[in-house]
Structure formats: structure tokens, C-alpha cells
Amino acid sequence: MDIEQLEQKYNFKYPDIYKCLCEDGMLNWGESGSDWYRATFPQFKKNPPLLLFGNDIEIWNHQQFVEASIEEMSEEDDYRNIHANYKFVPFAKNGAGDLYAFQFDLKNNGEVPITFIPHDDEEAEILAKNFQDFIFRQLLEALTEIDENAMFYEEGEEDLKRNLFNQLKTHEPYMTSRQIEILHSIYQRDLFEYTYKTPNGHVFEAEGLATYDEVEEILNREIAFENLRKTFNYTICWIN
């Protein structure tokens with residue numbers, strides 16, 4: 001992916017941390033295909049690229065994906081109908097096709113917030129004030145429900161932990177010492193079962209290394225800023 005070409009073409013500057021990740025090969029998830037899980041994934045588990053074990057996310061390393069998303073968002077007949085005052089640059093998606101994007105119109109003192117843009121809802125949500133905090137949040141949220149759907153899941157807990165510590169090793173250069181310390185401490189726990197309640201009152205059982213309540217408390221303490229979790233209708237401008 002040609003970072004400089006994208007910056008020049010669309011008149012923005014990626015955060016330094018993202019450029020470093022690209023230069024270090026951390027955005028490379030390999031070529032997708034029927035053989036990826038058998039041939040590529042086992043090697044990546046030893047040295048996980050960016051957010052391989054994150055919370056339902058697929059990092060893009062192909063320039064055409066970024067360009068196609070930016071072009072689509074600027075079209076008047078785009079199904080999202082994004083207001084022109086917002087400047088989103090997507091860098092990943094989840095399994096449902098929702099986007100994760102840098103929100104450059106909110107850039108402040110060099111910090112570019114990360115925003116979640118759903119494909120079937122007009123309400124976007126600000127997830128972190130910068131990419132470093134977003135990485136930390138993704139790794140932390142992946143620990144609340146650990147089952148066979150988790151990318152780092154193994155039948156043996158020792159093997160599962162090995163995957164997590166391999167991930168921490170490759171992600172350490174891009175996080176703060178405090179964030180590393182928190183993740184390292186949680187990774188050393190034994191898996192445990194717990195119940196949690198959704199906003200509509202339903203109760204579910206889960207197994208993980210951290211509860212939803214604990215993760216929320218950590219995020220509120222460690223990556224707090226005025227727009228954390230702010231939701232807004234991206235078809236209407238709320239920015240002055």
C-alpha cells in the first residue's frame with residue numbers, strides 16, 4: 001500500500017504510528033483465499049500482524065480498498081449519505097461490513113480519532129482519540145468472550161495464552177507501557193465463566209479473561225477523552 005500516494009491524492013496525513021505499522025509490515029495479513037487458514041494463519045499466530053486477534057476486525061493492506069471506500073463516501077448517491085463536513089478515511093472492516101475509519105475533521109493536536117461507521121445505521125460512534133488507544137481497546141475487548149469464534153482460540157488454555165503473548169510481543173512497540181502492563185496482567189489469568197446483562201435486560205453467560213464491566217471501567221480510566229463513545233448521525237453535521 002502506497003501511503004504517500006493516498007495522502008497526496010486525498011489531501012490528508014496518516015498518523016505517524018500508522019505509517020510505522022505499514023513500514024514494519026504489521027498491516028500485512030497475507031492474501032486471502034481458501035488456503036489462508038491452513039497455510040498462512042499458523043505462521044501468523046507466531047508473529048501476529050496488527051489486530052489479528054482483535055475484536056472482529058480485518059485490517060486493510062490493499063490501497064484499492066481504501067480508495068474505493070473514500071470514493072464511495074464522496075458520491076452523492078452513496079447509500080450512507082455521509083455529510084460533506086466529515087472526513088473519514090477507512091482502514092478496516094468487520095465481518096458485517098461495518099467500517100473503522102480515521103476521522104480527520106476531528107483532528108486535534110495531532111491526534112486523529114477512530115470512528116466506527118455501521119453499514120446499516122446512520123449512527124456512527126467514536127471509539128478512541130488516536131490509533132494507539134484504538135489498538136489497546138481492540139485487544140482488551142477481545143478478552144470478554146473467548147470461544148471457538150475467537151481468532152486466538154485453542155482447545156488448550158496454554159496454547160491460547162501463547163497466542164495472546166505472541167500478539168503482545170509484536171504489538172508492544174505501538175502501545176504505552178501502561179497499556180502493555182494491563183494486557184500482560186490480564187493475559188496471565190485463568191479463563192473464568194461469568195454472566196452479563198444487555199441493555200434490554202437479557203442475561204447471557206460468557207467465558208473470558210475479563211468481564212464487560214471491567215473492560216468498560218479500564219477504558220473509561222485509561223483512554224478517556226471528551227468524545228469517547230460519542231454517537232452522531234453522520235448524515236447531519238454536528239461539528240461547528
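Computed over heavy atoms, backbone and side chain alike; hydrogens, waters and symmetry mates excluded.
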Tell me if the centroids of the rings in [X] and [Y] come within less than 6.0 Å of each other.
X: Phe88; Y: Phe102; result: no
X: Phe152; Y: Phe165; result: no
X: Tyr174; Y: Phe131; result: no
X: Phe12; Y: Tyr14; result: yes

Worksheet item: Stepwise, does the side-chain contact (heavy atoms from CB on, under 4.5 Å) test hold for Glu125 with Arg229?
Response: CA-CA 6 Å; Glu125 179 183 0; Arg229 297 193 181 89; 3.8 Å; yes

When you compare the side chain of [Y] with that of [X], does any pair of heavy atoms fall below 4.5 Å?
X: Leu27; Y: Trp60; answer: no
X: Asp133; Y: Thr176; answer: no
X: Leu191; Y: Ile146; answer: yes
X: Thr231; Y: Ile126; answer: no
X: Pro118; Y: Asp98; answer: yes
X: Ile57; Y: Phe134; answer: yes
X: Pro90; Y: Met73; answer: yes
X: Thr211; Y: Thr144; answer: no

What is the minimum heavy-atom distance between [X] and [Y], and which atoms define it?
X: Asp56; Y: Asn94; result: O-CB, 3.0 Å
X: Gly54; Y: Gln167; result: N-OE1, 4.2 Å
X: Asp121; Y: Tyr234; result: O-OH, 2.7 Å
X: Leu52; Y: Trp29; result: CA-CZ2, 3.6 Å
X: Met1; Y: Val66; result: SD-CG2, 4.0 Å
X: Asp2; Y: Gln63; result: N-OE1, 3.0 Å

Under 4.0 Å between a Lys/Arg side-chain N and an Asp/Glu carboxylate O for [X] and [Y]?
X: Lys161; Y: Glu154; answer: no
X: Glu214; Y: Arg189; answer: yes
X: Glu111; Y: Lys107; answer: no
X: Glu4; Y: Lys13; answer: no

Counting only heavy atoms from other residues, nucleotides and ligands, does the tally under 6.0 Å from [atom1] of [X] exceed 12?
X: Asn109; atom1: CG; answer: no
X: Lys169; atom1: NZ; answer: yes
X: Asn11; atom1: CG; answer: no
X: Glu205; atom1: CD; answer: no
X: Lys93; atom1: NZ; answer: no
X: Asp16; atom1: CG; answer: no
X: Arg221; atom1: CZ; answer: yes

For the [atom1] atom of [X] and the [atom2] atom of [Y], what is their distance to the nearest 0.5 Å?
X: Leu219; Y: Glu141; atom1: CG; atom2: CD; value: 6.0 Å
X: Lys19; Y: Asp24; atom1: NZ; atom2: CG; value: 14.0 Å
X: Leu51; Y: Thr170; atom1: CG; atom2: OG1; value: 9.5 Å
X: Ile59; Y: Leu50; atom1: CD1; atom2: CG; value: 4.5 Å
X: Ile114; Y: Tyr18; atom1: CD1; atom2: OH; value: 9.5 Å
X: Cys22; Y: Asn61; atom1: SG; atom2: CG; value: 6.0 Å

Practice prompt. Quick one: sort the Phe91 and Tyr100 rings into parallel, tilted or perpendicular, breaks at 30° and 60°.
Written response: tilted

Worksheet item: Parallel, tilted or perpendicular: which fits the ring planes of Phe41 and Phe53, with parallel below 30° and perpendicular above 60°?
Response: perpendicular

Fill in: Other ILVMFWY residues reachable from Tyr212 by side-chain steps of under 4.5 Å
Phe192, Tyr194, Tyr196, Phe204

Worksheet entry | Derivation and outcome, side-chain contact (heavy atoms from CB on, under 4.5 Å), residues Ile180 and Glu172 | CA-CA 6 Å; Ile180 295 167; Glu172 280 185 0; 3.8 Å; yes

Polar side-chain atom of [X] near backbone of [Y] as donor-acceptor pair, under 3.5 Å:
X: Asn166; Y: Asn47; value: no
X: Tyr86; Y: Ile236; value: yes
X: His83; Y: Asn85; value: yes
X: Ser185; Y: Glu181; value: no

Worksheet item: Taking only residues two or more places apart in sequence, or in another chain, which ones meet Glu216 in a salt bridge (charged side-chain N to carboxylate O under 4.0 Å, His left out)?
Response: none

Practice prompt. State which residues pass salt bridge (charged side-chain N to carboxylate O under 4.0 Å, His left out) with Glu123; sequence neighbours excluded, sorted by chain then number.
Written response: none

Worksheet item: Do Val215 and Val203 share a hydrophobic cluster (ILVMFWY, side-chain heavy atoms under 4.5 Å, transitive)?
Response: no

Worksheet item: Taking Glu222 as the fixed residue, which of Arg137, Gln179, Arg178 is the one that meets the side-chain hydrogen bond (donor to acceptor under 3.5 Å, both in side chains) rule?
Response: Arg178

Practice prompt. Mind running side-chain contact (heavy atoms from CB on, under 4.5 Å) on Ile223 and Lys129 for me, showing each step along the way?
Written response: CA-CA 8 Å; Ile223 68 169; Lys129 68 180 176 183; 6.0 Å; no

Worksheet item: If you measure only the distance, is there a donor-acceptor pair under 3.5 Å linking the side chains of Glu67 and Tyr10?
Response: no

Worksheet item: Between the side chains of Asn55 and Gln138, does any donor sit under 3.5 Å from an acceptor?
Response: no

Item to complete: Given ring pair (Phe, Tyr, Trp, His ring centres under 6.0 Å), test His171 with Phe136 step by step and report yes or no.
Response: CA-CA 9 Å; His171 285 60; Phe136 175 64; over 10 Å; no

Fill in: Test salt bridge (Lys or Arg N to Asp or Glu O under 4.0 Å) applied to Glu158 and Arg162, step by step
CA-CA 6 Å; Glu158 182 178 341; Arg162 183 179 298 110; 3.7 Å; yes

Item to complete: I would like to know whether Ile186 and Leu143 meet side-chain contact (heavy atoms from CB on, under 4.5 Å); could you show each step before the answer?
Response: CA-CA 9 Å; Ile186 295 176; Leu143 305 177; 3.6 Å; yes

Discussion item. My understanding is that only one of Leu164, Leu183, Ile182 makes a side-chain contact (heavy atoms from CB on, under 4.5 Å) with Leu139; could you say which?
Written reply: Leu183

